[in-house]
Amino acid sequence: MSPVKKVKIVTDGSCLGNPGRGGWACILRYNAHARELYGYAPHTTNNRMELTAAIEGLKALKEPCEVEVITDSEYLKKGITTWVPNWKVRNWMTKEKKPVINRDLWEELDDVAAKHKIAWSWTKGHASHADNNRCDELAQMAARDQRRSAG
């Protein structure tokens with residue numbers, strides 16, 4: 001039995017207007033290998049793009065892995081680590097008894113994350129994290145040009 005792969009996924013989302021044209025990006029790193037993924041949505045929000053970046057990064061993994069997901073989105077990190085477990089107990093309702101915003105993406109993220117052992121990390125955006133800065137560039141390009149990566 002081979003050891004579990006340790007992968008790092010750095011994510012970012014962008015929106016030109018909020019709502020507006022959106023882009024997401026992630027960089028997957030495994031040993032010396034790196035893979036950049038990005039895509040767009042014609043009418044979306046920044047939070048939806050942050051969630052999509054994490055979902056797409058995790059979906060790109062072909063087998064269960066140990067993953068560190070690094071994001072500059074406190075919404076994403078707090079949501080998946082703190083809010084989602086409580087929302088599930090309350091049948092996807094907030095403390096205020098309102099339906100959870102972006103429930104479709106939170107459910108999808110929860111589902112794809114369950115396949116892996118994940119540590120969620122936060123980094124300051126637009127700072128000294130090279131991969132986060134690259135994701136920001138890719139997400140903005142995807143939002144602006146409405147382009148996606150080939151693979």
Side-chain angles (χ1 to χ4, degrees), residues 7-30 33-62 64-65 67-116 118-151:
V7 179
K8 195 171 283 192
I9 301 175
V10 182
T11 68
D12 200 17
S14 180
C15 212
L16 305 176
N18 198 22
R21 295 186 322 182
W24 60 267
C26 58
I27 298 173
L28 289 77
R29 291 201 175 274
Y30 171 66
H33 305 285
R35 182 175 175 201
E36 294 180 343
L37 300 173
Y38 55 89
Y40 68 92
H43 187 76
T44 190
T45 65
N46 189 66
N47 284 340
R48 288 187 69 80
M49 292 294 89
E50 295 284 0
L51 290 164
T52 300
I55 290 166
E56 294 298 328
L58 291 168
K59 282 172 48 177
L61 301 175
K62 304 297 184 215
C65 298
V67 184
E68 180 183 12
V69 177
I70 301 168
T71 179
D72 63 6
S73 169
E74 291 188 42
Y75 174 75
L76 170 59
K77 183 177 183 291
K78 284 182 184 173
I80 196 63
T81 60
T82 304
W83 304 335
V84 165
N86 293 324
W87 290 336
K88 288 166 68 174
V89 167
R90 292 192 296 265
N91 196 28
W92 294 97
M93 299 296 275
T94 66
K95 283 187 293 195
E96 296 78 25
K97 305 211 183 330
K98 294 182 178 165
V100 169
I101 296 171
N102 300 319
R103 175 180 172 174
D104 58 330
L105 295 177
W106 285 116
E107 286 184 304
E108 186 175 5
L109 179 58
D110 187 49
D111 184 54
V112 296
K115 298 173 174 91
H116 308 282
I118 303 179
W120 296 89
S121 301
W122 179 84
T123 187
K124 183 173 172 47
H126 312 283
S128 59
H129 195 289
D131 281 347
N132 179 259
N133 291 339
R134 175 66 178 153
C135 284
D136 183 59
E137 289 173 20
L138 291 169
Q140 287 187 38
M141 180 269 305
R144 185 180 57 251
D145 301 341
Q146 297 289 276
R147 289 180 27 203
R148 69 179 66 246
S149 54

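As the structure is a computational prediction, the values presented were derived from the model and not from experiment.
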Student check: side-chain heavy atoms of Leu58 and Glu108 closer than 4.5 Å: no
Heavy-atom closest contact (Ala25 atom, Ala53 atom, distance): O-CB, 3.4 Å
No-hydrogen, no-angle side-chain donor-acceptor test under 3.5 Å, Gln140 and Ser14: no
Approximate separation, where rounding is to 0.5 Å, of Asp131 CG and Asp12 CG: 11.5 Å
For Cys26 against Thr11, the heavy-atom pair lying closest together: CB-CG2, 4.1 Å
Atom of Asn18, atom of Thr44 and distance for their closest heavy-atom approach: OD1-O, 4.4 Å
Step-by-step side chain to side chain contact (heavy atoms under 4.5 Å, CB included) determination, Leu37 to Trp24: CA-CA 8 Å; Leu37 300 173; Trp24 60 267; 4.0 Å; yes
Arg29 (side chain) donor-acceptor with Ala34 (main chain) under 3.5 angstrom: no
Value rounded to 0.5 Å, distance of CZ in Arg103 from OG1 in Thr94: 12.0 Å
Pro99 vs Met93 side-chain heavy atoms within contact, under 4.5 Å: yes
Rounded distance [0.5 Å steps], OG in Ser73 versus CE in Met49: 12.0 Å
Donor-acceptor pair, side chain of Thr123 and main chain of Asp72, under 3.5 angstrom: no
Main-chain N/O of Gly13 paired to Glu50 side chain as donor or acceptor, under 3.5 Å: yes
Within 6.0 Å of CG in Leu16, more than 12 heavy atoms from elsewhere: yes
pair Arg147-Tyr38: side-chain heavy atoms closer than 4.5 Å: yes
Minimum heavy-atom distance Ala54-Leu109, with the two atoms named: CB-CD1, 4.0 Å
Rounded distance (nearest 0.5 Å) linking atom CG of Leu51 with atom CG of Asp104: 9.0 Å
Arg148 to Tyr40, cation-pi by 6.0 Å centre distance and 45° axis angle: yes
Side chains of residues 78-87: which donor-acceptor partners sit under 3.5 Å, not counting sequence neighbours?
from  : atom 1 : to    : atom 2 : distance (Å)
Thr81 : OG1    : Lys77 : O      : 2.6
Asn86 : ND2    : Thr82 : O      : 3.2

Ring centers of Trp106, Tyr75 separated by less than 6.0 Å: yes
Donor-acceptor side-chain pairing of Asn133 and Glu137 below 3.5 angstrom: no
Gap between atom NZ of Lys115 and atom NZ of Lys59 - 0.5 Å precision: 9.5 Å
Chi angles and distances behind the side chain to side chain contact (heavy atoms under 4.5 Å, CB included) call for Leu61, Leu28: CA-CA 9 Å; Leu61 301 175; Leu28 289 77; 3.8 Å; yes
Which atom of Val112 lies closest to which atom of His116, heavy atoms considered: O-CD2, 3.3 Å
Salt bridge (Lys or Arg N to Asp or Glu O under 4.0 Å) partners of residues 85-100, not counting sequence neighbours, each pair once: Lys88-Asp110
Residue pair Asn132 / Lys124: nearest heavy atoms and the distance that separates them: OD1-O, 4.2 Å
Gap separating the SG atom of Cys135 from the CD1 atom of Ile70, nearest 0.5 angstrom: 9.5 Å
